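All figures in this text were calculated on a predicted structure; none of them were measured in a lab. Every chain is numbered from 1 and lettered A, B, ... according to where its sequence line falls, protein lines coming before strand lines.
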Amino acid sequence: MAKMGLLITPEICIGCRSCQVACKAWNQLPGDRTVNLGSCENPPDLTPHLYNKIHYVEVPSEKTEGRWLFVNQRCMHCGDAGCMKICPAPGALYRTKEGAVGIDKEKCIGCKLCAVACPFNIPRYDEQGKIAKCHLCYDRIANNLTPACAKTCPTGAIKFGDRDALIGDAQKAGYQKLYGQEDLDGLGALYAFKDPPKIYGMEEKPAIPETVVFWNKVLKPLSYIGLGGVVAASLLHYVAFGPKKEKEEEGRKDG
Amino acid sequence: MTNHWVDLRNADVVMVMGGNPASNHPVSMKWIMKARERGGKLIVVDPRLTQTAAKADIYAPMRSGSDLAFIGGMIKYIIDNNLIFRQYVVNYTNAPFLVNPDFKMPGQLDGLFSGYDEKTRKYDKKTWTFQMDETGVPKKDSTLKDPNCVYQLLKKQYARYTLDKVASITGTPKEKLLEVYEATGATGKPNKTLTVCYAMGWTQHTVGVQNIRAFSIVQLLLGNIGMAGGGVNALRGESNVQGSTDYGLLFHILPGYLPTPIATVPDLKAYTEKFTPKTKEPKSVNWWGNRPKYITSYLKAIYGDKATKDNDFGYAWLPKLDDGMNASWLMIFYQMSLGKFDGFFAWGQNPACSTANAGKVRESLGKLKWLVNVNLFDNETASFWHGPGMNPKEIQTEVFMLPCASSVEKEGSISNSGRLAQWRYKAIEPVGQSLPDAEIMNELYFRVKTLYQKEGGKFPEPIRNLTWDYGEKDKTGKIKHLDIHRVAMEINGYYLDDVYDKTAAPPKLIGKRGDLATNFVSLQADGSTSCGCWIYSGSYTQKDGKVINMMARRGKEDPTGLGLFQNWAWAWPVNRRILYNRASVDPSGNPWDPKRAVIKWNPTKENPQTGKPGVWEGDVPDGPAPPLADEKGGKLPFIMRSDGVGAIFGPGLADGPFPEHYEPLECPIEANPMSKQRINPVINPLLAGKFTSCDVRYPFVATTYRVTEHWQTGVMTRHAPWLLEMQPQMFVELSKELAADKGIKNGEKVTVSSSRGSLWAIAVVTERFKPFKVMNTTIHQVGLPWHFGWQYPVDGSGGDSANLLTPFIGDPNTSIPESKAFMVNIEKARG
Amino acid sequence: MDDMIRKANGFEILNHWALALSCILLSITGFAFLFQMKEVGSFFGGFPSMRLIHNWGGVVFSVSLLLSMFNWLKESITFDADDMGWIKVAGGYLSRKVKVPPMGKLNTGQKFFYLAILFAGIAISASGFVIWLLPANKQWVLVSHLIHNISFIVIILAIPVHMYLGTIANPGTLRIMISGTVPYWWAKKKHPKWVQDVETRKAGLKST
């Protein structure tokens with residue numbers, strides 16, 4: 001099966017937030033009580049009940065008007081997924097056949113390590129402590145339907161399809177290189193940026209945090225090497241030096 | 001709209017002014033973005049950088065209430081730079097008509113037109129007329145040079161709107177004005193079109209109608225009316241408000257835009273005399289000349305067999321307005337405040353939040369004896385009596401709640417901005433005891449009718465004689481459940497008798513007795529046809545014996561490639577998708593723009609109706625008559641106007657035949673830079689109650705607007721958790737500069753007040769509002785949404801309605817309140 | 001029959017086994033998490049229920065660890081010259097013949113072991129509770145998991161050594177944690193200073 005993906009084009013996003021609502025509708029997520037913190041960006045961050053949202057960026061300029069950008073934020077479905085690397089519970093985070101990073105709440109143990117490993121700070125945890133994030137509407141895509149956000153987007157700012165074809169479309173539209181085209185073994189969510197990623201609020205060079213690398217490359221080996229080493233050393237010691245047997249007579253002598 | 005939603009994608013320039021489609025009609029942005037994909041340009045003119053402006057190629061900031069100056073400058077630019085589509089203007093508009101030489105304009109009368117009476121604040125329009133020739137048709141100068149011709153008068157009027165003056169009034173930088181004028185002016189070419197999208201930003205002013213008129217003049221000068229990707233397009237603010245005006249829910253019209261009868265017009269003959277326009281122009285279709293057919297058919301629809309020739313078809317039973325009576329929305333509450341109403345049905349509405357000067361409205365509701373709230377939810381209107389500042393002990397109003405069904409819980413049609421009536425199906429059963437509105441009306445009708453039968457009463461005939469055949473009846477004759485399809489058929493109309501086309505020899509049968517009417521062309525004035533709303537005739541009809549609900553069709557064919565989708569649902573009139581499309585062709589019937597041909601005359605193909613050669617292809621033509629150049633039968637394109645041409649000079653309005661800039665009732669500058677008349681001379685400030693202008697206590701210009709996440713007063717959307725989560729509280733947007741001046745931080749609570757009321761709001765300090773330089777002063781503007789109300793969330797955390805601040809004054813033609821430009825103060829909230 | 005002396009009371013013994021068994025359970029389940037061992041997971045009824053077992057096992061571990069302080073903390077922080085001497089000969093474990101200086105209730109190695117387990121145990125418990133109970137916060141989660149894992153490494157190194165030294169490497173030691181008594185002569189050999197202490201206290205009691 002060809003790898004599927006999302007193409008997100010902020011230049012044609014109008015910030016209507018149908019994607020936010022369609023996702024909630026499909027996943028039957030509740031609405032939360034919020035307050036207006038001085039912007040229409042509510043809730044201000046992804047939550048266990050909000051798998052994708054629009055980030056509003058006012059780019060000031062010296063001319064009369066600046067720019068107002070609308071950037072969809074969500075799980076990037078990384079090719080090299082830090083969350084999958086670090087997850088201790090097999091099957092809680094898994095790769096679907098379309099290439100998405102799916103979640104299985106039943107298998108999740110709620111250790112929250114995925115939040116540490118994610119370069120984009122995506123995983124959130126629900127009332128049971130289980131992971132909550134965009135799963136690319138795994139049930140819809142398995143049945144040849146489009147994810148809810150892409151389906152509802154009126155301008156096509158979120159497009160779902162064959163990843164290579166989406167890259168081709170974007171290049172035809174004049175975008176030389178897409179954000180996520182190669183990073184992290186290719187992100188499932190590609191962004192067509194006109195300006196540097198920083199302006200849109202995205203990391204220039206997203207990478208799995210060093211600690212996860214440390215984890216996988218140092219800590220894990222250390223544990224089993226350590227355990228094995230210590231057991232082996234003990235056996236070796238027994239063979240080389242033997243037990244310390246105390247003899248009774250000596251004890252009585254000292255009285 | 002003259003055009004329709006999908007048509008936006010055909011435009012070379014999309015002009016958005018007084019509207020914000022990205023926020024309020026997001027699906028329409030699909031079409032606007034497609035226009036851009038095809039190389040089109042999006043221009044947005046707005047006081048702030050909106051979601052639509054964020055996608056614009058050109059964004060021009062403009063102070064609220066200065067639209068006419070902006071557009072006036074555009075007209076001057078188009079004329080000065082010779083950008084008019086000359087052939088179109090000369091042949092299809094009244095630009096060549098010669099005007100009465102006694103007619104004087106604001107340049108000569110310091111802001112007034114001739115005929116003004118200061119005492120009554122009204123115009124005597126006897127000078128606003130054309131010079132007529134011997135045949136009774138206006139004199140014309142096709143060279144457009146005569147100093148009394150409309151075109152020269154137009155030029156003189158807008159010569160005063162120089163770039164400097166306009167920039168100084170609007171606060172828009174001169175370079176921006178030129179950028180906009182250049183881009184729009186370029187569409188005067190025959191193969192370039194401009195579409196204009198507007199909404200409440202234009203209509204909700206004391207010069208609202210003139211705002212729209214002004215841009216209609218631009219569109220006529222550029223030859224964009226009737227073209228694909230052209231037209232004057234209102235973005236209607238509710239999914240079915242088009243339907244509400246089509247079916248005559250406003251006080252001054254009956255269904256199908258027929259005028260409501262007035263007291264001094266005592267019978268049907270007088271009615272048709274007074275309201276049927278006549279013309280001596282042989283090439284004018286003057287379609288309103290068919291008025292008698294429609295009023296009679298309407299009477300036959302509502303009074304059925306009881307309406308006969310002998311009783312004037314029941315004309316006496318129609319409610320009538322007193323002469324000159326204004327029973328518009330604002331006037332209702334004005335009268336209510338004087339205690340003139342016993343009862344009030346707040347039917348699917350929330351006036352305590354939606355009406356200007358909402359505080360006064362809430363007080364007025366307390367003067368009622370009873371109030372009925374027909375709604376999905378309790379709201380600020382139904383609960384007005386225990387709202388903030390109310391003392392329930394002093395209020396005697398009895399309030400009833402009739403729960404009604406939502407649009408997904410019932411079947412019926414919805415008419416969108418593009419005049420497209422789409423049939424909707426019932427998805428689920430209504431909740432609890434709630435009923436569809438039609439069922440509630442059915443219940444009320446039979447109870448009132450029974451009371452009249454039992455108790456008698458004054459003038460029962462208008463109620464008792466109504467045909468009300470819309471479903472299966474029980475033993476007492478009451479309809480058990482309303483069948484909305486029967487209502488739709490009543491609206492379409494029936495042949496009550498065999499109807500013949502008497503012009504043919506021998507007379508041709510065009511309608512069989514008992515059949516559904518084909519369309520309004522076959523309606524008669526002699527009582528042999530019925531039709532509930534003539535413009536919808538043809539929407540639920542009969543073909544070859546089969547009944548077809550045209551509005552339920554879902555055909556996706558688009559042979560013209562222009563997105564007309566003629567087999568998808570049904571548009572009025574007679575499924576015509578682009579109005580005035582006869583103006584999209586030259587007098588010989590060839591499209592001005594062959595690449596976007598809306599209609600095209602095929603002179604050799606046989607017309608299936610007449611059997612003669614010559615037929616129109618494409619959209620339903622605006623009348624089947626041959627092109628204008630045809631000696632015998634050629635007709636002018638603007639068929640709804642008595643003279644058949646587009647009105648650049650428009651004498652039908654209360655405030656002038658040409659738009660003239662006046663400041664809003666509450667304005668930030670001492671004097672109107674254009675003339676001595678500071679405000680619209682025809683509005684009556686005495687009825688407005690409290691208002692302030694150039695008052696240091698209220699120094700900032702305010703406007704109101706909507707957000708994507710909420711709808712109208714928010715009664716439905718505040719109850720939707722997904723939506724309330726995104727926009728939880730009342731807010732006010734202000735510039736960084738104003739916030740700095742007032743020491744206001746982003747996200748903190750502020751108090752916004754006008755001379756009528758005050759409320760709290762969360763401050764949203766933004767780059768997207770910038771101070772305006774108007775008449776050498778810095779003017780700050782703020783903006784507020786009007787979606788919130790104290791009643792829900794019940795802890796009041798959402799805030800209250802912006803209409804507590806808005807002024808109680810309306811446009812002199814429509815009475816729509818001036819909610820888009822008024823003066824406020826903003827301070828950090830205390831405590 | 002040998003004369004016996006009581007080295008550990010019932011409370012000490014029960015607490016030790018609570019600590020030891022919970023530690024083993026936590027190590028096994030912890031290892032299964034670290035290396036995504038599916039068979040271990042299914043043995044415990046799936047990873048989510050294994051996590052519950054790990055969490056509550058951790059409660060038992062934490063409580064018994066705290067209680068253990070009453071038993072061994074005082075002794076483990078008391079050091080003298082003999083402890084220095086013990087270190088110098090590596091506790092006698094690197095030769096068949098070397099003798100160690102006289103030891104108290106706990107020998108130097110046992111003291112160090114206890115302190116290691118105590119600190120690593122407190123670290124692993126505290127970090128475990130943070131992971132379990134604190135709402136997700138990237139910084140806290142990261143630090144807690146790191147501490148949890150590093151302490152785990154300390155424990156996983158120390159425990160096998162402890163098990164070796166407490167059983168086959170030093171015959172006669174295991175019974176301390178079963179019956180709680182050891183032969184008097186054995187105690188005099190292994191923990192002479194402690195035996196002396198006990199005798200002095202017994203004599204002191206008799207004289208009063």
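Stacking of A:Arg17 on the aromatic ring of A:Phe70 is not recorded, the 6.0 Å distance cut-off and the 45° axial limit not both being met.
Annotation: maximal heavy-atom pairing with chain A below 4.5 Å, among B:Met730, B:Gln729, B:Met726, occurs at B:Met726. Between chain A and the options B:Ala54, B:Pro26, B:Ser23, the largest number of non-hydrogen pairs under 4.5 Å is found for B:Pro26. When each of A:Cys153, A:Ala157, A:Cys13 is checked for heavy-atom pairs under 4.5 Å with chain B, A:Cys13 comes out on top. Among B:Glu733, B:Lys745, B:Gln727, the residue with the largest count of heavy-atom pairs under 4.5 Å with chain A is B:Gln727. Note: A:Arg33 leads A:Lys53, A:Arg33, A:Gln20 in heavy-atom pairs under 4.5 Å with chain B. Ranked by non-hydrogen atom pairs under 4.5 Å with chain B, the options A:Thr152, A:Leu50, A:Asp32, A:Thr155 are led by A:Asp32. Among the candidates B:Ala720, B:Gly747, B:Ser28, the residue making the largest number of heavy-atom pairs closer than 4.5 Å to chain A is B:Gly747. Of the listed residues (B:Glu709, B:Gln51, B:Lys30), the greatest number of heavy-atom pairs within a distance under 4.5 Å of chain A belongs to B:Gln51.
Comment: B:Glu748 engages B:Lys828 in a salt bridge, judged by a side-chain N to carboxylate O separation of less than 4.0 angstrom. We find that A:Lys130 and A:Glu106 are not joined by a salt bridge, their nearest charged nitrogen and carboxylate oxygen being 4.0 Å or further apart.
No side-chain donor-acceptor contact under 3.5 Å links A:Arg74 to the backbone of A:Ile122. A donor-acceptor pair is defined here as one N or O able to donate and one able to accept, closer than 3.5 Å; no such pair exists between the side chain of A:His49 and the backbone of A:Gly31. Proximity of a side-chain donor or acceptor of A:Arg124 to a complementary backbone N or O of A:Asn121 within less than 3.5 Å is detected.
When heavy atoms are compared at a cutoff of 4.5 Å, B:Leu723 approaches chain A solely by way of its side chain, counted from C-beta outward. B:Met29 touches chain A through backbone and side chain together, each having a heavy atom under 4.5 Å away. For A:Ile12, the parts lying under 4.5 angstrom from a heavy atom of chain B are both the backbone and the side chain. The contact between A:Pro10 and chain B is made entirely by backbone atoms, counting heavy-atom distances below 4.5 Å. Looking at B:Pro793, only its side chain comes within 4.5 Å of chain A, counting heavy atoms on both sides. The contact between B:Ser797 and chain A is made entirely by side chain atoms (from C-beta outward), counting heavy-atom distances below 4.5 Å. Residue A:Leu69: no heavy atom, backbone or side chain, is found under 4.5 Å from chain B.
Ring geometry, A:Phe193 versus A:Tyr179: the interplanar angle falls from 30° to 60°, so the pair is classed tilted.
A centroid separation of 6.0 Å or more is found between the aromatic rings of B:Trp786 and B:His710. Checked against the 6.0 Å centroid threshold, B:Phe772 and B:His780 do not count as a close aromatic pair.
The closest side-chain heavy-atom distance from B:Asn24 to B:Leu235 is not below 4.5 Å.
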